[in-house]
Amino acid sequence: MNWLLLVVAGLLEVGWAVGLKYTEGFTKLWPSVWTLGAMVLSISMLGLAMRDLPVGTAYAVWTGIGAVGTVIVGIYLLGEPATAGRLISIGLILLGIVGLKLSS
């Protein structure tokens, strides 16, 4: 259950990271509300997952999901470049996440 909480927290991190782009400096109401709500839920779920998971593993997986997810959303929805270097870097982050999961 803690791993599920952690994955959902990571996905919510993607939501708020991308949401920041749409808040336009927190000047737009609904994107700002969604972004702040996703931030609170993401941190709360991370905290719940950390009750039983090692802090280093949980935090690294959370940030890894957030980083990889945000890059992927940027590529597919925002037209950011999908260069070989970026894709290789995403692969390395994913390998790290899997390694941490397997070692916990």
Side-chain angles (χ1 to χ4, degrees):
M1 184 64 166
N2 291 313
W3 282 102
L4 179 61
L5 284 170
L6 186 59
V7 168
V8 173
L11 294 173
L12 284 166
E13 183 186 5
V14 174
W16 68 255
V18 173
L20 284 172
K21 177 129 178 111
Y22 294 99
T23 68
E24 294 184 18
F26 291 101
T27 60
K28 296 209 170 203
L29 177 63
W30 293 114
S32 297
V33 168
W34 157 252
T35 299
L36 291 170
M39 285 177 175
V40 169
L41 283 173
S42 180
I43 292 290
S44 298
M45 293 177 90
L46 173 62
L48 290 172
M50 282 186 176
R51 290 183 300 185
D52 295 316
L53 296 175
V55 66
T57 299
Y59 185 74
V61 169
W62 179 70
T63 58
I65 292 169
V68 169
T70 302
V71 170
I72 290 170
V73 169
I75 289 169
Y76 284 104
L77 296 182
L78 303 174
E80 295 177 0
T83 62
R86 291 182 91 193
L87 297 176
I88 290 168
S89 297
I90 288 171
L92 291 170
I93 293 169
L94 287 172
L95 282 173
I97 291 170
V98 170
L100 287 168
K101 167 67 172 109
L102 293 175
S103 65
S104 293

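Note that these values count all heavy atoms, side chains included, but never hydrogens, waters or copies made by symmetry.
Atom-to-atom distance recorded for Leu53:CG and Leu46:CG is 9.5 Å, nearest 0.5 angstrom. With rounding to the nearest 0.5 angstrom, the CD1 atom of Ile75 is 7.0 Å from the CD1 atom of Ile72. Separation of atoms CD1 (Ile93) and CD1 (Ile88) is listed at 12.5 Å; rounding is to 0.5 Å. Atom CG of Leu5 sits about 12.0 Å away from atom CE of Met50, to the nearest 0.5 Å.
Leu6 is not listed as a side-chain neighbour of Asn2, based on a closest heavy-atom distance of 4.5 Å or more. Put simply, the side chain of Lys21 does not reach to within 4.5 Å of the side chain of Thr70, judged on heavy atoms. Looking at Val8 and Leu41, their side chains never come closer than 4.5 Å, going by heavy atoms from C-beta outward.
When each of Thr63, Leu92, Leu94 is paired with Val68, the side chain to side chain contact (heavy atoms under 4.5 Å, CB included) condition holds for Leu94 and for no other.
Ser42 places a side-chain N or O within donor-acceptor distance of the main-chain N or O of Ala9, the cut-off being under 3.5 Å.
Linking ILVMFWY side-chain heavy atoms closer than 4.5 Å, directly or via other members, places Val18 and Tyr76 in two distinct hydrophobic clusters. Residues Ile90 and Val14 do not share a hydrophobic cluster, clusters being chains of Ile/Leu/Val/Met/Phe/Trp/Tyr side chains in contact below 4.5 Å. Linking Ile, Leu, Val, Met, Phe, Trp and Tyr whenever their side-chain heavy atoms come within less than 4.5 Å puts Val71 and Leu87 in one cluster. In this structure, Leu12 is a member of the same hydrophobic cluster as Leu4, with clusters built from ILVMFWY side-chain heavy atoms closer than 4.5 Å. Under the 4.5 Å side-chain heavy-atom criterion for Ile, Leu, Val, Met, Phe, Trp and Tyr, Trp16 and Leu77 are members of distinct hydrophobic clusters.
Partners of Val7 according to the side-chain contact (heavy atoms from CB on, under 4.5 Å) rule, which considers only residues two or more places apart in sequence or in another chain, are Leu11, Ile65.
Legend: ring pair (Phe, Tyr, Trp, His ring centres under 6.0 Å) pairs involving residues 18-60, not counting sequence neighbours, sorted by first then second residue: Tyr59-Trp62. Contacts classified as salt bridge (Lys or Arg N to Asp or Glu O under 4.0 Å) and involving residues 66-91 (residues at least two apart or in different chains) are given here: Glu80-Arg86.
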